[in-house]
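Chain A is the first sequence line, chain B the second, and so forth, proteins listed ahead of strands; every chain is numbered from 1.
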Amino acid sequence: MEWDWVRGLLGGLMIGGAAALYLLVNGRIMGASGIFGGALDGSAQGAERRERLVFLAGLILFPAIIVWLGVAEASKPVTTTAGLIAAGLLVGLGTRMANGCTSGHGVCGISRLALRGLVATAVYLVFGVLGVLIARALEWSL
Amino acid sequence: MRLLIALLSGALFGAGLLVSGMTNPAKVQGWLDIFGNWDPTLAFVLGGAIIPMAIAWRVARRMPCSVSGAALPGPAPRHIDRPLVIGSALFGLGWGIAGLCPGPALASLGFGGASIWIFGASMLAGVFLNAALKGKS
């Protein structure tokens, strides 16, 4: 358990470091939902789209290499196929509607005390707690 | 330079998500399960991530533009509207059900197996659903 805290803190510093790099060098806010959605739904074009696609390539390939090398373990799903489909739709629709997720509103927003980031984070945390209870009530939990 | 930095920050972000435990849905659900067996360690992830980013925002305020010459983001918008609140509520529900948010889901695509691809394809459908709804209004 104590080791988990150290890993959490270290991983957090890496996440924040990545966001700092993206902001200070590229002038961009590192939000996973915006980068993913913008690259694929046509709202970003040309150089902006290429920048997003390259970011996604790093985000997808590097963790895969780490797991492949055996440094970290892959983890198991916690919900049924129905749960995965419902959750995926909710996450895709919700983050694009709110224009941000845990990285954009959470990390990048809270770190500059952005009102929208603080409100979004408070709301998704409360509804996240509710989501766990709903998955259990619907017997979607594995 | 911008593409190289995009690749590097994507890779560092992904590694951080993996190290921190954010790519483990059981751990994320444990963090949200405040009425059950609550696991508070993910608070350290957000805390750890905010430290370098808070410094970066302070540094950015003194810079005329980013290192690459691209404009820095303007001041944060302050309006709280319905899409922000409703969207965050929908996102939270999905996050709680599957224990996955967009960054960790993408970071797991290469090793997470079929469940992550089912989640990812549904997430993409959600993105297009939002674009379609926006197009109508």
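Y22(A) and F55(A) have their aromatic ring centers within a separation under 6.0 angstrom.
When each of N24(B), I116(B), L106(B) is checked for a side chain to side chain contact (heavy atoms under 4.5 Å, CB included) with L100(B), only I116(B) meets the rule.
A salt bridge links R136(A) with D33(B): the distance from a Lys NZ or Arg NE/NH1/NH2 to an Asp or Glu carboxylate oxygen falls below 4.0 Å.
Ranked by non-hydrogen atom pairs under 4.5 Å with chain B, the options L24(A), L53(A), L9(A), T79(A) are led by L24(A). Across I35(A), V119(A), L138(A), L142(A), the residue that shares the most heavy-atom pairs under 4.5 angstrom with chain B is V119(A). Interface check for chain B: of the options A87(A), G117(A), A32(A), the most heavy-atom pairs under 4.5 Å are formed by A87(A). Of all the listed residues (C108(A), A47(A), G31(A), G27(A)), the one sharing the greatest number of non-hydrogen pairs under 4.5 Å with chain B is G27(A).
For chain B, no part of N99(A) is nearby; none of its heavy atoms comes within less than 4.5 Å. Of the two parts of V91(A), the backbone and the side chain both hold a non-hydrogen atom closer than 4.5 Å to a non-hydrogen atom of chain B. R52(A) does not touch chain B: none of its heavy atoms, backbone or side chain, sits under 4.5 Å away. For S103(A), the part sitting under 4.5 Å from any heavy atom of chain B is the side chain, from C-beta outward, and nothing else. Residue contact with chain A, scored on non-hydrogen atoms closer than 4.5 Å, involves the side chain of F128(B) exclusively.
Contacts between residues 121-131 of chain A and chain B, counted as heavy-atom pairs separated by less than 4.5 Å, involve V123(A), Y124(A), L125(A), F127(A), G128(A), V129(A), L130(A), G131(A).
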